[in-house]
Amino acid sequence: MRLMKRRNFVIHTPEEIVRIREAARVTALAREEIAALAHPGMTTLELDELAGAVIRATGGTPTFLNYNGFPRNICISVNDVVVHGIASEKCVLKDGDLVSVDVGVTLNGGIGDTAKTVLVGNKPTTKDIERLLAGTQEALEAGIAAAHPGGHVGDISRAVAEVANRYKLGIVRDLVGHGCGTRLHEPPEVPNFVSTSEGPILAPGMVLCIEPMLNLGTARVYVENDNWTVRTADGLPSAHFEHMILITETHTEVLTRV
Ligand code: MG
């Protein structure tokens with residue numbers, strides 16, 4: 001999501017958490033199904049239409065459709081597109097493309113938001129792309145592992161950044177993870193970099209989307225004239241993985257694991 005200026009957070013009620021947990025569960029299943037549908041020769045618009053059908057089959061609706069005017073069911077971001085890619089009939093997937101699918105489902109008042117990046121086709125990939133994918137996934141897992149009730153949001157950020165730096169990947173700073181649950185984007189921000197603020201304390205009932213967006217080259221990105229598509233400044237590929245977590249009294253639950 002785009003950087004917010006507010007500095008607060010949302011604690012969800014047990015009744016809300018029941019709905020959020022179920023929405024997140026079906027979103028994770030949809031993410032896997034949609035990612036498996038991506039193949040060379042299809043357009044991203046075709047993939048988006050299939051994604052819409054997958055989402056509606058859960059009984060839910062695509063959260064991103066019409067969100068602040070977003071025109072598609074999901075975000076499909078290919079190669080140097082970091083996030084918020086708009087599916088198009090002009091974009092034909094090729095063997096070896098790196099495709100991020102970011103899926104949101106609204107179900108019975110709960111919202112799920114999760115993403116993964118996959119290689120399309122079976123062309124052998126490069127060491128650099130392997131490093132990008134492995135580093136971004138490991139960064140997400142490190143962020144999850146660093147989230148403990150009583151800790152701070154900054155613990156997550158530090159863990160993600162440590163892995164990204166170790167893999168020598170560029171950390172996108174213009175976009176951050178976020179609270180989620182009954183609205184798509186809720187406070188607090190969950191940066192993928194260490195900032196001067198530790199952020200709020202991780203308290204029971206908080207639901208957070210941790211979503212490292214890491215680049216093979218420069219961290220710098222720009223937004224296209226469509227006001228959505230975020231691309232790397234140097235044209236090198238980017239990866240994006242996102243899970244939703246719930247902080248409970250005793251531990252951290254990953255809501256979008258399949
Ligand atoms: Mg998100």
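Indexing begins at 1, ligand by ligand and atom by atom, following the structure's order. Along the sequence shown, residues carry numbers from 1.
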Ring centroid separation for Y67 and H185, is it under 6.0 angstrom?
-> yes
Taking both backbone and side-chain atoms into account, decide whether E242 has an N/O/S atom under 2.8 Å from the Mg ion (ligand 1).
->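 Yes, within the cut-off.
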Is the Mg ion (ligand 1) under 2.8 Å from any N, O or S atom of H185?
->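 It does not: H185 brings no N, O or S atom closer than 2.8 Å to the Mg ion (ligand 1).
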Partners meeting side-chain contact (heavy atoms from CB on, under 4.5 Å) with R257 (sequence neighbours left out) |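 Once residues adjacent in sequence are excluded, the partners of R257 under the side-chain contact (heavy atoms from CB on, under 4.5 Å) criterion are E141, I144, H243, V254.
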Taking only residues two or more places apart in sequence, or in another chain, which ones meet T252 in a side-chain contact (heavy atoms from CB on, under 4.5 Å)?
->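 Partners of T252 by the side-chain contact (heavy atoms from CB on, under 4.5 Å) criterion, ordered by chain and then number, come out as A147, P149, I245, I247.
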Please determine if R173 forms a cation-pi arrangement with F193, meaning its NZ or CZ atom is less than 6.0 Å from the six-membered ring centre and no more than 45° off the ring axis.
->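 Yes, R173 and F193 form such a contact.
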How wide is the angle at the Mg ion (ligand 1) between OD2 in D113 and OE2 in E211, to the nearest 10°?
->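 The two atoms form an angle at the metal of about 160°.
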